[in-house]
Q: 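Got a structure for you, written out below as structure tokens; questions coming shortly.
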Number of protein chains: 2
Amino acid sequence: MYSFSVTSPTLLINEDICRQNLRKMSEKAKKHGLELIPHFKTHQSLKVGEWCRSYNIQEITVSSIDMASYFAPQNWQNIHIAFPFNPREVQRLNELSEKHSLSVQLVNEEVTALLAEKLKYKVGFFIEIDAGYGRTGVEVSDFGLIEKIMRMAKTNPNLQFKGFYIHAGHTYHATLNEIEEIHQQTKAALHMLKDKYFTEFPGLVTRSGDTPSCSLMDDFEGIDQIGPGNFVFYDLTQASIGSCEKEDIAVALAAPIVDIKKSKGEILLHAGGVHLSKDVLTQANGKKNFGEVVLLTKSGWSIPSKTSYLKSISQEHGIVQADATLINNVKIGDVLGVLPIHSCMTADCMGSYMTLSGELVDHLKGNPNHSYK
Amino acid sequence: MYSFSVTSPTLLINEDICRQNLRKMSEKAKKHGLELIPHFKTHQSLKVGEWCRSYNIQEITVSSIDMASYFAPQNWQNIHIAFPFNPREVQRLNELSEKHSLSVQLVNEEVTALLAEKLKYKVGFFIEIDAGYGRTGVEVSDFGLIEKIMRMAKTNPNLQFKGFYIHAGHTYHATLNEIEEIHQQTKAALHMLKDKYFTEFPGLVTRSGDTPSCSLMDDFEGIDQIGPGNFVFYDLTQASIGSCEKEDIAVALAAPIVDIKKSKGEILLHAGGVHLSKDVLTQANGKKNFGEVVLLTKSGWSIPSKTSYLKSISQEHGIVQADATLINNVKIGDVLGVLPIHSCMTADCMGSYMTLSGELVDHLKGNPNHSYK
């Protein structure tokens with residue numbers, strides 16, 4: 001059984017669950033007439049990219065030029081870099097856009113002016129809109145800035161306006177009612193902007209990104225494209241929001257048990273912040289949760305009826321607050337699975353995956369050509 | 001100037017500060033008659049390992065067999081794996097211990113029995129003692145277990161008892177008074193254990209690890225060896241404890257400015273959790289701090305008199321709450337430095353360093369032969 005081959009902390013990827021998540025989101029997109037352009041920052045894997053081909057996915061989203069160059073050899077119809085463009089990377093953009101169709105995100109005049117001056121090949125751009133998240137983007141009502149960016153871009157035919165992009169990241173810490181409210185704001189903002197600029201730019205599209213809205217909402221009026229990322233793996237944060245069930249989580253850290261303290265109900269795992277990241281959920285009882293234990297099986301893993309969770313982690317150590325049934329049925333040297341709080345970060349920490357049949361799956365961070373930024 | 005060569009997030013390492021931290025700790029160890037056996041989990045770098053040679057360092061500490069195998073080619077007198085030994089890695093231990101002097105940490109009978117049965121070559125071991133931290137180790141008063149481990153080990157002459165090890169990790173969240181109290185407990189515990197077992201094991205040594213105690217305390221009676229790690233870089237957590245000044249922090253993330261929102265006093269950096277890790281400090285005003293801004297200069301970086309800090313980070317984004325002087329003197333495309341909250345984790349996220357003269361410095365995570373784990 002695959003877990004026998006695990007000697008040190010290893011990130012397991014369940015291809016079936018992963019493909020099921022891709023299929024569901026792809027079918028939902030089709031049902032609502034949306035184009036699914038998934039964000040690859042979650043898996044950062046060429047192999048998972050291949051899996052996406054089976055689900056009518058032709059364009060992808062990434063978060064850096066480095067990630068774009070990692071996926072470029074897969075010849076996607078377009079790679080969108082969903083991050084306010086970093087002006088120090090114009091040269092790399094010119095190199096990559098000579099052979100590949102790319103789009104970037106613009107949020108200010110300065111970078112628009114720089115691209116208008118320096119772009120050698122066609123590159124599309126979205127104007128990122130802040131409809132309330134407050135992280136990045138042009139304020140939705142700031143038509144002055146929106147139009148300055150549009151005008152500035154027109155001075156270089158290589159810089160082609162594609163539309164408006166909103167990432168409502170505040171849904172990641174919201175209740176269902178709040179997510180509905182945020183989703184309404186997103187739709188209203190994109191709808192308004194499309195109406196306002198459609199005559200001038202008949203081809204413009206609107207795109208929205210967050211996994212909770214894409215998973216939980218059922219009305220996407222005003223939205224043409226969705227770019228969720230986390231849904232491909234999901235995680236305990238998404239399960240706590242209700243975006244998924246714990247059974248939909250596609251990755252688990254396989255971690256060896258190095259000590260057991262029955263009197264304290266504690267299991268010590270080789271599983272720390274360098275493996276899982278330091279992301280944490282605060283439980284109803286106020287206690288911190290750095291990940292939840294699953295039992296590794298021949299065919300993957302199973303979720304115990306009673307929850308055992310990582311109550312604390314340091315760089316390499318993780319302490320499980322263990323349910324009695326669990327602690328009475330494991331021994332030092334066994335391997336437990338841990339469902340991550342934030343799968344994007346856990347995958348980034350680990351830098352590779354192992355399938356349930358024991359094959360290595362690539363991740364950008366584990367790729368020698370990309371490990372030195 | 002080196003920062004001109006930075007286009008994407010890059011972890012800068014200041015060799016002078018790093019060597020100064022090594023020199024100070026080495027001199028302090030000498031002054032107190034202690035052997036300094038630094039923990040390399042902080043830098044995980046062969047280059048920084050080379051620097052250590054100049055400061056009378058002959059033995060090193062690591063946190064995994066993987067890290068031990070990374071540093072083995074440097075032929076240290078001994079490499080101590082300061083983590084409860086993972087029984088699934090016996091074969092790798094046998095492979096590595098054939099040519100290299102290693103020691104491990106034991107906290108239970110089961111793994112001791114396994115090593116007694118399987119060890120092919122000489123391997124030293126410390127019994128890890130829990131003197132109050134509560135993360136791992138044998139309870140200091142549990143002489144029954146301590147002696148079971150000793151007896152079990154004696155059945156295989158390859159398994160050689162070296163002494164007792166305490167990592168008082170709870171000093172990382174303590175006040176100076178609390179650190180003094182914890183340090184007293186550590187000294188008392190090690191002193192008592194040495195007295196108790198010295199006749200039976202005349203060669204036994206005692207070792208303690210945490211950076212706050214090693215940096216701040218001045219009485220190490222009962223302790224023979226110290227194994228701090230973080231001190232080589234320090235970070236804002238250590239500065240907040242008082243273990244160092246901000247000027248002693250040897251690494252800073254160089255991060256490009258991608259947007260500025262003057263009205264909100266915000267600077268958007270390409271600097272997120274995948275670069276800095278999600279470690280956070282809560283400030284006196286209750287606000288979260290994910291890192292502090294420094295100004296890059298020809299010779300390194302300078303600390304502004306008024307603090308600007310990262311008030312929030314996501315996977316790739318970091319939002320700086322900027323002081324007025326800072327925001328009025330930077331432009332989009334400039335590069336700022338960010339002092340990390342937890343340098344060990346930031347280095348592990350980045351997987352490489354750049355010196356102030358623009359040379360690449362290795363890190364285990366960025367090493368292709370070690371990136372799949």
Q: Using non-hydrogen atoms only, which part of Gln91(B) is less than 4.5 Å away from chain A: side chain, backbone, both, or neither?
A: neither

Q: Top residue by heavy-atom pair count (under 4.5 Å) with chain B, among His317(A), Glu89(A), Glu110(A)?
A: His317(A)

Q: Ignoring hydrogens and geometry beyond distance, is a side-chain donor-acceptor pair present between Glu316(B) and Ser63(A) at under 3.5 Å?
A: yes

Q: Can Ser314(A) and Arg135(B) be said to form a side-chain hydrogen bond (donor to acceptor under 3.5 Å, both in side chains), step by step?
A: CA-CA 9 Å; Ser314(A) 48; Arg135(B) 181 177 74 178; 2.8 Å; yes

Q: Between Leu269(B) and chain A, with a heavy-atom cut-off of 4.5 Å, which part of the residue counts as in contact: side chain, backbone, both or neither?
A: backbone

Q: Quick check against the 3.5 Å criterion: does Asp259(A) have a side-chain atom that pairs as donor or acceptor with the backbone of Thr136(B)?
A: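 Judged by distance alone, no pair lies under 3.5 Å.
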
Q: Given 3.5 Å as the limit, does a donor-acceptor pair link the side chain of Asp348(B) with the main chain of His275(A), or not?
A: no

Q: Please determine whether the number of non-hydrogen atoms from other residues, nucleotides or ligands lying under 6.0 Å from atom NZ of Lys264(B) exceeds 12.
A: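 Enclosed: over 12 neighbouring heavy atoms sit under 6.0 Å from NZ of Lys264(B).
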
Q: So what's closer than 4.5 Å to chain A heavy atoms on Glu109(B): side chain, backbone, both or neither?
A: neither

Q: Testing the basics here: between Pro256(A) and Asn86(B), what is the closest heavy-atom pair and its distance to 0.1 Å?
A: CG-ND2, 3.5 Å

Q: In the structure I gave you, are the side-chain heavy atoms of Phe83(B) and Val258(A) within less than 4.5 Å of one another anywhere?
A: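 When only atoms from C-beta onward are counted, Val258(A) and Phe83(B) do touch, with a gap below 4.5 Å.
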
Q: Between the main-chain N or O of Cys349(A) and the side-chain N or O of Lys365(B), is there a donor-acceptor pair closer than 3.5 Å?
A: yes

Q: For the side chain of Arg88(B) and the backbone of Ser8(A), is there at least one donor-acceptor N/O pair under 3.5 Å apart?
A: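 Flag not set: sc Arg88(B) to bb Ser8(A) has no pair under 3.5 Å.
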
Q: Which heavy-atom pair separates Leu268(A) from Pro84(B) by the least distance, and what is that distance?
A: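 Shortest heavy-atom separation between Leu268(A) and Pro84(B) comes out as CD2-CG, 3.6 Å.
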
Q: What part of Val107(B) lies closer than 4.5 angstrom to a heavy atom of chain A: side chain, backbone, both or neither?
A: both

Q: Hey, does Gln315(A) have a side-chain heavy atom less than 4.5 Å from the side chain of Lys41(B)?
A: yes

Q: Can you say whether Leu11(B) sits under 4.5 Å from chain A via the side chain, the backbone, both, or neither, judging by heavy atoms?
A: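 Contact with chain A involves no heavy atom of Leu11(B) at all.
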
Q: Go through the atoms of Tyr172(B) and report whether side chain, backbone, both or neither lie under 4.5 Å from a heavy atom of chain A.
A: neither

Q: Output yes when a side-chain donor or acceptor of Asn108(A) lies under 3.5 Å from a complementary backbone atom of Ile260(B), and no otherwise.
A: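 Side chain of Asn108(A) to backbone of Ile260(B): no pair is present.
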
Q: Heavy-atom cut-off 4.5 Å, strictly under: side chain, backbone, both or neither for Val274(A) against chain B?
A: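 The answer is both parts of Val274(A).
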
Q: Any donor and acceptor pair, going by atom type alone, linking the side chain of Lys261(B) with main-chain N or O of Gly137(A) inside 3.5 Å?
A: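 Yes; at least one donor-acceptor contact below 3.5 Å.
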
Q: Compare every heavy atom of Pro87(B) with every heavy atom of Gly333(A), then report the nearest pair and how far apart it is.
A: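 For Gly333(A) and Pro87(B), the tightest heavy-atom pair comes out as CA-CG, 3.5 Å.
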
Q: Indicate yes or no: at least one non-hydrogen side-chain atom of Ser277(A) is less than 4.5 angstrom from one of Met345(B).
A: no

Q: Tell me, side chain or backbone of Phe85(A) under 4.5 Å from chain B's heavy atoms, or both, or neither?
A: backbone

Q: Of all the heavy-atom pairs spanning Asp279(A) and Lys278(B), show the shortest one and how long it is.
A: OD2-NZ, 2.8 Å

